[in-house]
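Below is one structure; the comments refer to it alone.
Just so it is clear: chains get the letters A, B, ... in the order the sequence lines come, proteins before strands, and each one is counted from 1.
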Amino acid sequence: MDMSEILDSLNDAQKTAVSTQAQRTLVLAGAGSGKTRVLVHRIGWLLEAQGLSPYRVLAVTFTNKAAQEMRTRIEALLNRSVQGMWVGTFHSIAHRLLRMHWEAAGLPEQFQILDSEDQLRLIKRTMQTLQVDEERWPPKQVQWFINNHKDEGRRAEKIDNNTDQQTLMMLRIYQAYEDNCQRAGLVDFAELLLRAYELWLKQPDLLEHYSNRFEHVLVDEFQDTNTIQYAWLKCLIGEQGQVTVVGDDDQSIYGWRGAKIENIQLFEQDFKGTHIIRLEQNYRSTETILRAANAIIAHNDNRMGKELWTQGCSGDPIALYTAFNEVDEARYVASRIKALAEQDHAYRDTAILYRSNAQSRVLEEALLREGLPYRIFGGLRFFERAEIKNALCYLRLMFNTADDAAFERIVAVPPRGIGERTLQEVREYAKEQQLSMWVASEQIIKDNRLSARAARALQAFLEQIIGLSERVNVQKLAQLVEAVISEVGLLAYHQKEKGEKGRVRIENLKELVSAAKEFESVVDDQEHSQLLALFLDHTALESRELQADAFEDSVQMMTLHTAKGLEFPVVFLVGLEEGLFPHQMSRNEPGRLEEERRLCYVGITRAMQHLYLTYAETRRLYGREKRHVSSRFIREIPKELIEEVRMGSKVSRPMLHNTESMPMASSEAEAPFSLGQRVLHQMFGEGTVLGFEGSGQNARVQVNFDVKGSKWLVLNYAKLESTV
DNA sequence: CGGTCGGCAGTTTTT
DNA sequence: CTGCCGACCG
């Protein structure tokens, strides 16, 4: 292959990053600077120019999507398959290692992965057996405690137990939870990483093998690595290994879940002679947008230092809309999107970004009112839905009867005459004898420790699972899934549910069968039982839906966190208020405030052409009206980049007594009411003016009545009175 | 065993 | 104001 294909399309900094001979390379890649491109071409360069075997390359990402994309793009660039290359998330690579070396890692061969919901349930269960007060030790907090320690590489027994009562109890739960996991062959997400790390420590020969094998390690989104991931990498790379890490300290937004932005600085110290390359040329946004982003992020301290620039045009000023309240804000966004659509902007070119999910609702209503199609990202993923997880837990229990988490989840779903009394009996016995729930059930039945009715029900359950698991080696995966949902009564169970809910759940269960079919065809030439194991891993590790949502041109709505890595021609960044963004909880701690600022930087740099910022002076949140001042992030943008928008009546401030002094657009000056004004209606009572539409005879006004809610009224008929 | 009611919490999310 | 979870009751 011609090397020029790999280098020619790149700028100088990118070329350097792709072709450097340095043993250690740190690429500081600004937003929109072609980061993925560099990573892909770097690997291409290593394989083609350096003649490295794909077998000797390990590339690590944070999401399955990124891993998938990387492999696809490398193969497209080189026009060949790179099968032997390991490309995956930290978790999937750790998982792969543990599957291959389960014995060395001290795990049973059929270990299963717990997602965070499973983990929380198991923690609750553990706490119940320990008789811990859930008021004093909230399970969520315990979960956080456990995961945090694991992320820092700390086992319960290694933690100093010379501490306060509160922590001491958490440690006890941590330990008991671990014991439960070990006995049931269960591994949570943090455990995958920790075990993989301990594998290096406990098995130097294994470490050496992989260190030798992976001559070059590449890491994407390096600023998001946590302590254990960093330690794992450091071991693997060792003194000899070559490594390329790519990241952007200004886009580190996951500190709250353990990511250590300091790892970037640490890298420079730990890996001597690191070649640092900055990618600062941006190919995404207008100069105006970049200047705003640069200005905001400049308020942070201890940056690695980077300034985005572009050869492109300066573009439109940033629009800033000050809304009276959140409804007005949403209305503005919707009306702008409608106007943009009329100028031939596709809906999918537009994104609405917000700090927290709770904000989406009002926006959604406004889009609905305008008849604009939208899609909200986030929310429950397919494999996380309750009915899907139930079905999967049957498969898990069939696969490994010791899986207590699965046992607990489905033993009474659908209901089959096994009540809390019976279960309590089983749990106690299991705890006493250090047995799995499954074996405990068997023995309790045998010992006649239950009423005849309960014993019969429990026996029937065990037999049903055994009956199903005998078919694992005989039937195809999809048939097996189908058998579970119909024979075990899940379908019938949801059929009985009233309302839309049951129907949707049944749809989902059928979707699960299709997913299994799809999986069969993708991963063929495997034994049936193997296939089941792989499928279970897949559902735990790749919660992404198999089929992307049906093609529809719609407005994209998501949180700022979700938007990372994406780009849109038009971006609305809403809710820029002190207390909301930066969030209340982050305002007083400098470190957390800086992370909020980086989040803002991420949001702004998503925009390619047009950026709209909005905030509401009053916002109803948690049923309470609160007044807010504009976000400091707005004020950190140079004034000359911003153009303030005033809609309709041109009154952005609802202070009634000030309306006269506010500038009025001549065309709208005749409007008898202003936005935010309080009015009285004969039938609907008092309310607040939210918006106008039309003029003259047809002029309509939208009023949010205190009691009757929001209504559109024709001004001519409405006989509204000002309350002032 | 399933339904209902009351209390309470309530950034951000991937694996 | 929601939505979720747990307790309680029929």
Which atom pairs, one a donor and one an acceptor, fall under 3.5 Å between side chains of residues 132-140 of chain A and the rest of the protein, sequence neighbours left out?
residue	atom	partner	partner atom	Å
A/D133	OD1	A/E135	N	3.0
A/W137	NE1	A/Q166	O	3.0

Item checked: Under 4.0 Å protein heavy-atom contacts per nucleotide of nucleotides 2-10 of chain C, with B for base, S for backbone only and - for none -> S---S----
Note to self: Closer than 4.0 angstrom, basic N to acidic O: yes or no for A/R606 and A/E567?
What the structure shows: no
Check: With rounding to whole Å, what would you report as the distance between B/dT11 and C/dG6 at their C1' atoms?
Finding: 25 Å
Check: Listed by chain and number, what are the ring-ring contact (aromatic ring centres under 6.0 Å, His included) partners of A/F407, not counting sequence neighbours?
Finding: A/F461
Next item on the list: Check side-chain contact (heavy atoms from CB on, under 4.5 Å) between A/R125 and all other residues, then give those that pass, not counting sequence neighbours.
Entry: A/Q128, A/E408, A/R427
Check: Can we say A/R587 and A/E596 salt-bridge, meaning some charged N sits less than 4.0 Å from an Asp/Glu carboxylate O?
Finding: no
Next item on the list: Not counting sequence neighbours, which residues clear side-chain contact (heavy atoms from CB on, under 4.5 Å) with A/R121? List them please.
Entry: A/E117, A/R409
Checklist line | side-chain hydrogen bond (donor to acceptor under 3.5 Å, both in side chains) partners of residues 450-459 of chain A, not counting sequence neighbours, each pair once | finding: A/Q459-A/E463
Next item on the list: Give me the residues of residues 415-423 of chain A where at least one heavy atom lies under 4.0 Å from an atom of DNA chain B, by number, or none.
Entry: A/P415, A/R416, A/G417, A/I418
Checklist line | Rounded distance in Å between the C1' positions of C/dC5 and B/dT12 | finding: 23 Å
Next item on the list: Could you tell me whether B/dT12 is syn or anti, where syn means a glycosidic angle within 90 degrees of zero?
Entry: anti
Checklist line | Atom-pair distance (CZ on A/R619; C1' on C/dC1), nearest Å | finding: 14 Å
Next item on the list: Kindly write out the residues that satisfy side-chain contact (heavy atoms from CB on, under 4.5 Å) with A/A391, not counting sequence neighbours, or none if the list is empty.
Entry: A/I485, A/L490, A/L509, A/L512
Note to self: Parallel, tilted or perpendicular, judged at 30° and 60°: which one describes the rings of A/H91 and A/F189?
What the structure shows: perpendicular
Next item on the list: Sugar-phosphate means primed atoms, P, OP1 and OP2; the rest is base. With that split, encode nucleotides 6-14 of chain B 5' to 3' as B, S or - using protein heavy atoms under 4.0 Å.
Entry: ----BBBBB
Check: Under the criterion salt bridge (Lys or Arg N to Asp or Glu O under 4.0 Å), which of A/K260, A/R257, A/K564, A/R598 is the partner of A/D224?
Finding: A/K564
Notebook entry, point to check: Near DNA chain B, which residues from residues 223-235 of chain A have a heavy atom under 4.0 Å away?
Noted result: none
Notebook entry, point to check: Looking at A/E542 and A/R381, does any basic side-chain N land under 4.0 Å from a carboxylate oxygen?
Noted result: no
Check: With sequence neighbours left out, what residues match A/R619 under side chain to side chain donor-acceptor pair (under 3.5 Å)?
Finding: A/E329, A/E577
Item checked: Separation of B/dT15 C1' from A/Q68 CD (nearest whole Å) -> 16 Å
Checklist line | With A/E69 via side-chain contact (heavy atoms from CB on, under 4.5 Å) - residues at least two apart | finding: A/T36, A/R73
